[in-house]
Amino acid sequence: MISSKLPDVGTTIFTVMSKLATDCNAINLAQGFPGFDCFPFLHDLVTKYISEGYNQYAPMSGVPIFKQRIAEKTKLVYGVDFNGESEVTVVSGATEALFAAVTAVVRPGDEVILLEPSYDSYAPAVVLNGGLPVYVSLNLPDFSVDWDKVKSAITDKTRLIMVNTPHNPCGYVWTQDDLNTLAELIQDREIYVVSDEVYEHITFDGRKHLPLFSHPLLKERTFACGSFGKTFHITGWKIGYCLAPEKLTIEFRKIHQFLTFSTATPLQYALADFMVEPSRYLHLNDFYQNKRDLFCQGLKNTPFEFTPSQGSFFQTVYYGHLSQESDYDLAIRMTKELGVASIPVSVFYHDKTDHKLLRFCFAKEDDVLEKALDLLQKPFF
Ligand code: PMP
Ligand code: GLN
């Protein structure tokens, strides 16, 4: 019998809840993926490149014009320079970038600070590299960072901190103070940062996403992980990138080349053409702001309590004043009995801390959101 390297890990909650939603014919607001297609022009571009024979391996670190376009977009949106050739790596989804970045820096016995609730792939990546996750919980109710707790968690063994802004599942968006404080805390130590910024273009109420590399000290230490899945509604394409200074990129690519080697060639050429037009990603905030507002407006007619999400395409709701049922049981029961699937937030805590919160994904057509809201307004508790 194989001795498991991840004995506590089962099938991800996203797979479990999506299957349950399908089995129960429920509206799936659980797993985070858009319920609508990408722009048809993007289909045409991929078809074009496949027909024209762009069907063999791409260069290991990415197609040059695509890396260049990613660097140009980063300069345009954030005013920060990255060298397309030596500091941008194309990967098969942000999940790969996160794993490769963790693997590049974490050695057995190194401590890695994870801010909880945290995305489900972080801790397994740390553990598989022999690292020790050190969990620091975010402040309730807004899920801001408790910097005193982070400070006390830092030791001589701390090698890495993992950051996610805008935050999945809670929507918190880092402020300039957060960036400055992190920089102060790590400046005199050899601590790196893996920054998961896949929701960079989804922030609300006039908030701006601040990439960690917009801070000069953090830029030197950070692997910034992005995903085209969220930005262009193509989660099934599994294509993303890592931005990091050349020294870090050299180590990152050593891992990337043996994880996947390279990423689908026609997708890279198609996206390189598609992204030249900034309006194709700069309006994403407005697009999702409308959906968040519609969803939150409808939630007001339900018994749930909530604070509108600051970013990402997720909204969490609190039900502790209605029931003491565990969030996991409630999410399952709501899928079966009410016909709306959600994610219990406890799954994002290593010890399954249950704050009586459910996460809904509002990246769905408006009529689907309205139907779900009608169901959520029914007496249930
Ligand atoms: N990080 C976060 C916070 C996510 O929500 C997701 C996916 N939804 C990922 C990483 C993974 O992105 P990808 O699908 O590009 O691997
Ligand atoms: N990131 C998505 C979510 O949070 C799910 C991705 C996946 O299923 N692996 O729901």
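Read the numbers this way: they start at 1 and go in the same order the structure lists the ligands and their atoms. Hydrogens, waters and symmetry mates are skipped; everything else that's a heavy atom, side chains included, is used.
- With a heavy-atom cut-off of 4.0 Å, V198 touches ligand 1 through its side chain alone.
- Within the model, atoms CG of L294 and CG of D367 stand 10.0 Å from one another, a figure rounded to the nearest 0.5 Å.
- Ring-centre distance between F313 and Y199: below the 6.0 Å cut-off.
- Neither the backbone nor the side chain of T235 has a heavy atom within less than 4.0 Å of ligand 1.
- Neither the backbone nor the side chain of F228 has a heavy atom within less than 4.0 Å of ligand 1.
- Proximity of the aromatic rings of F348 and F143 is defined here by a centroid distance below 6.0 angstrom, and this criterion is not met.
- Side-chain contact between S309 and F204 is present, with at least one heavy-atom pair separated by less than 4.5 Å.
- Distances from ligand 2 to the non-hydrogen atoms of F314 include at least one value under 4.0 Å.
- Atom 7 (C) of ligand 1 has K230 NZ, 2.6 Å as its closest protein atom, hydrogens excluded (heavy atom only).
- The protein heavy-atom contact nearest to atom 1 (N) of ligand 2 is Y119 OH, 3.0 Å.
- The closest protein non-hydrogen atom to atom 8 (O) of ligand 2 is Q31 NE2, 2.7 Å.
- The six-membered or imidazole ring of F274 lies away from that of F228, with a centre-to-centre distance of 6.0 Å or more.
- Taking CD of E365 as the reference point, atom NZ of K371 lies at 11.5 Å (rounded to 0.5 Å).
- Within ligand 1, the atoms closer than 4.0 Å to a non-hydrogen atom of S227 are 13 (P), 15 (O), numbered from 1 in the order shown.
- At under 3.5 Å, a nitrogen or oxygen of N168, whether backbone or side chain, sits near a nitrogen or oxygen of ligand 2.
- Of the protein's heavy atoms, D196 OD2, 3.3 Å lies nearest to atom 2 (C) of ligand 1.
- Ring geometry, F362 versus Y288: the interplanar angle exceeds 60°, so the pair is classed perpendicular (tilted spans 30 to 60°).
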